[in-house]
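So the structure is just underneath, and the comments pick up after that.
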Protein chains: 2
Amino acid sequence: MQQTRQTKQRKIILEKLRKVHTHPTAEEIFQMVLPLLPKVSLATIYRNLEFLEKQGEILKLEHKNNESKNRYDGHTEPHRHLICKKCGEIVDISCCCCCQMNKKDLAKYGFTVDDGFIEILGLCKKCSHK
Amino acid sequence: MQQTRQTKQRKIILEKLRKVHTHPTAEEIFQMVLPLLPKVSLATIYRNLEFLEKQGEILKLEHKNNESKNRYDGHTEPHRHLICKKCGEIVDISCCCCCQMNKKDLAKYGFTVDDGFIEILGLCKKCSHK
DNA sequence: ATTCTTATTGCAAATGGTTCTCAATAAGCA
DNA sequence: TGCTTATTGAGAACCATTTGCAATAAGAAT
Ligand SMILES: [Mn+2]
Ligand SMILES: [Mn+2]
Ligand SMILES: [Zn+2]
Ligand SMILES: [Zn+2]
């Protein structure tokens, strides 16, 4: 396998992403790192996000709910996402005992489930009141 | 509100989608109806899928896992989807007691959850053996 | 330190699923 | 049977993401 290099771009992208508790898009991450990397390209953001996801350093949320943009998560500890079908808001919730139950149930189907990858789509408080 | 018309296209798209137990893409649905609607346009497929989803007649699966295409489900009875992170395979599973538990847990967050919209991402049998 | 290899970058163009525009068609009420 | 207008077909537009390529720079070798 080929060597990997620790670039300024890669380092800063990961740092910024870990610092926030939101789930920004590639474009938003681009804006976040711009002050530190004035010449960075959006393609570099995409390439590094892909790299970091493959390394297991970040999560890629591929549910295009409201909009068609992917979102990224710098926090990889097991948790679930509530995604509002209407406004797209993403809420982190910690894993409950349910996960274990699911895993057992899912074994029947030969499915291996990572707790981090259960997404629950519904309506957020604000949206369900309209 | 404006009236809706029952067109040949809309009728056939829904019929075909209900008949299969897979989760086809717009393009695949286009191919499915082509024998019956030789002049149909892909735009018409998209427009009707959007219409039917808004009516609650079908489900739109917006998880672009492997590929970036949406998939559609003609079966709206409550069930969950197992989606393979690797090959993209989608498996239907019936709702277990878990759903109820989730709902209670989720009330804390002010989230309204539709059982049909819990997607579980993992690895299918085939892919987890590689 | 300096050289060298090649992973990575910035820029621009390409890609591809989906949406939009608009004139023509046809569903279905009067 | 006419009339209104929702819907269609064809193609262009959109836009998030990916890719090609020459220039740059990480970091191993010297
Ligand atoms: Mn999260
Ligand atoms: Mn299904
Ligand atoms: Zn909302
Ligand atoms: Zn698989």
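Naming: A, B, ... by sequence-line order, numbering from 1 per chain.
For the pair B:Ser68 and A:Gln6, nearest-nucleotide mapping onto DNA chain C gives the more 5' position to A:Gln6.
Of all nucleotides in DNA chain D having an atom under 4.0 Å from a heavy atom of chain A, the first and last in 5' to 3' order are D:dA16 to D:dG27.
Comparing the helix axis at one end of the helix from C:dA1-D:dT30 to C:dA30-D:dT1 with that at the other, each defined from 5 consecutive pairs, gives an inter-axis angle of 30° (nearest 10°).
Taken to the nearest 0.5 Å, the CG atom of B:Leu42 stands 10.0 Å off from the CZ atom of B:Arg47. Atoms NZ and CD, on B:Lys11 and B:Gln6 in that order, are 6.5 Å from each other to the nearest 0.5 Å. With rounding to the nearest 0.5 angstrom, the OH atom of A:Tyr72 is 11.5 Å from the CD atom of A:Glu28. Within the model, atoms CZ of B:Arg71 and CD1 of B:Ile29 stand 9.5 Å from one another, a figure rounded to the nearest 0.5 Å. A:Leu37 contributes atom CG, which lies 4.0 Å from atom CD1 of A:Ile12 (distance to the nearest 0.5 angstrom). Between the CG atom in A:Leu59 and the CD atom in A:Glu77 there is a gap of 8.5 Å [rounded to 0.5 Å].
Under 4.0 Å is where a charged nitrogen must lie from a carboxylate oxygen, and between B:Glu15 and B:Lys19 no such pair does.
Partners of A:Arg10 by side-chain hydrogen bond (donor to acceptor under 3.5 Å, both in side chains), not counting sequence neighbours, listed by chain and number: A:Asn48.
A:Leu17 and A:Tyr46 fall within a single hydrophobic cluster, where Ile, Leu, Val, Met, Phe, Trp and Tyr side chains are chained together by heavy-atom contacts under 4.5 Å. There is a path of hydrophobic side-chain contacts, each under 4.5 Å, that joins B:Val40 to B:Leu52.
Regarding B:Phe51, its CZ atom lies at a distance of 18 Å from the C1' atom of C:dT19, rounded to whole Å. Straight-line distance from the CD atom of B:Gln2 to the P atom of C:dA27: 17 Å, rounded to whole Å. In this structure, B:Glu50 atom CD and C:dT19 atom C1' are separated by 9 Å, rounded to whole Å. Residue A:Asn70 contributes atom CG, which lies 15 Å from atom P of C:dG17 at whole-angstrom precision. To the nearest angstrom, P of C:dG17 lies 17 Å from CG of B:Leu61.
The two atoms that bring A:His23 and A:Asp92 nearest to each other are NE2-OD1, 3.0 Å, heavy atoms only. Contact detail for A:Ile45 and A:Ala26: the closest heavy-atom pair is CG2-O, 3.7 Å. For the residue pair B:Asn70 and B:Glu62, the shortest heavy atom distance occurs at OD1-CA, 3.6 Å. Taking each heavy atom of A:Lys16 and A:Leu36 in turn, the nearest pair found is CE-CD1, 3.7 Å. Heavy-atom minimum distance, B:Val20 versus B:His75: O-NE2, 2.9 Å. Of all non-hydrogen atoms in A:Arg18 and A:Gly74, the two that sit nearest each other are CG-O, 3.8 Å.
Less than 4.0 Å separates DNA chain C from at least one heavy atom of each of the following residues of residues 40-47 of chain A: A:Val40, A:Ser41, A:Ala43, A:Thr44, A:Arg47. Contacts between residues 8-16 of chain A and DNA chain C, defined by a heavy-atom separation below 4.0 Å, involve A:Gln9, A:Arg10, listed by number. Sorted by residue number, the list of members of residues 18-28 of chain A with any non-hydrogen atom under 4.0 Å from DNA chain C is empty.
Residue-level contact check: B:Glu67 touches neither bases nor backbone, having no heavy atom under 4.0 Å from any strand.
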